[in-house]
Protein chains: 2
Amino acid sequence: MKKGVLEMCILAIISKEEVYTSDIIERMKEVELIVVEGTLYPMLSRLKSAGYLEYQWRESSAGPPRKYYKMTEKGNDFLRELEKSWSQLVGSVNDIVLKKSKS
Amino acid sequence: MKKGVLEMCILAIISKEEVYTSDIIERMKEVELIVVEGTLYPMLSRLKSAGYLEYQWRESSAGPPRKYYKMTEKGNDFLRELEKSWSQLVGSVNDIVLKKSKS
DNA sequence: TAAGGTACTTTGTAATGCAAGGTTCTATAT
DNA sequence: ATATAGAACCTTGCATTACAAAGTACCTTA
């Protein structure tokens, strides 16, 4: 029923700026959403294989190189889809929750 | 990241009126949320074992008897919890999605 | 008393997200 | 030079969630 909320968040973050994994975790934490590496790495690989993302290696000033992700055209389309079904879900759930009881 | 949206919907429906499974499916369909028996029966059993629901057998005018569910006190508390974390989730996701890109 | 529909239940499976552990690479302290 | 620490990446195994599909029980009607 509720497919792809986390996926949508990740894609939304990447659509704003090129980021690597730790950036994503940080952006999520900024709005009190906790997500961990073990979730993120497989998901990013999946999204990349699906053609929604592409990445580029970049060196870091302190530490090993990082994979910086950015959206593809297809990824942007997919993000718009996800956003649409997300707002539909929110609407439906609000209908259920806010409906007056039969009294 | 976030669990229990469907659970919250089910509990919200039951909190409005005493219903049996087919009623729930119908209420959900009214707001374009599709849920099926195979999802619902195990979930209702779980919620009942957890002490959030109780049920009562009632005869039907045409067919076998039905399990009518209603909330317990504990169930109402739990529902309020779920609603709170649901609106937090909606808020957080909106923050992510609506945030301006760095440009 | 057989047939069909309604209601409840169980089983197997796919997808999701997490914990935990592992590998590689770089910088720094010894 | 070498060991240590830490950053970044990746993998494995597990619990949970939701669904499809098949199965069981009951009730009404022909």
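Chain letters run A, B, ... following the sequence lines, proteins first, then strands; residues in each count from 1. Values reported hereafter were calculated over all heavy atoms of this structure, with side chains retained and with hydrogens, waters and symmetry mates removed.
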Original post:
Which part of the nucleic acid does B/R46 contact within heavy-atom distance under 4.0 Å: base, sugar-phosphate only, or nothing?
Top reply: sugar-phosphate
Subject >> Length of the CD1-C1' vector between B/I34 and D/dT17, whole Å >> reply: 18 Å
**OP:** On DNA chain D, check which nucleotide each of B/E7 and B/S61 is closest to and give me the residue with the more 5' one.
**Re:** B/E7
Between the protein and nucleotides 3-10 of chain C, which nitrogen or oxygen pairs come in under 3.5 angstrom?
unit_1	atom_1	unit_2	atom_2	d
C/dA7	OP1	B/Y20	OH	2.7
C/dA7	OP1	B/R66	NE	2.7
C/dA7	OP1	B/R66	NH2	2.5
C/dA7	OP2	B/Y20	OH	3.3
C/dC8	OP1	B/K67	N	2.5
C/dC8	OP2	B/T21	OG1	3.2
C/dC8	OP2	B/Y41	OH	2.7
C/dC8	N4	B/E37	OE1	3.4
C/dT9	OP1	B/K67	NZ	2.7
C/dT9	OP2	B/K67	NZ	3.3

Original post:
Does a salt bridge link A/K99 with B/E17, judged by any charged N lying under 4.0 Å from a carboxylate O?
Top reply: no
Subject >> Sequence neighbours excluded - salt bridge (Lys or Arg N to Asp or Glu O under 4.0 Å) pairs with any residue from residues 39-56 of chain B >> reply: B/E7-B/R46
Subject >> A/D77/A/K74 ion pair, N-O < 4.0 Å >> reply: no
Original post:
Which residues satisfy the salt bridge (Lys or Arg N to Asp or Glu O under 4.0 Å) test with A/E18, sequence neighbours excluded?
Top reply: A/R58
Original post:
Could A/K67 and A/Y55 be counted as a cation-pi pair, given that NZ or CZ must be under 6.0 Å from the ring centre and within 45° of the axis?
Top reply: yes
**OP:** Say whether, by atom type as modelled, one donor and one acceptor occur between the side chain of B/S92 and the main chain of A/L33 under 3.5 angstrom.
**Re:** no
**OP:** Round to a whole Å and report the spacing from CE of B/M43 to P of C/dT11.
**Re:** 19 Å
Subject >> Spacing of B/I25 atom CD1 relative to D/dA20 atom P, expressed in whole Å >> reply: 11 Å
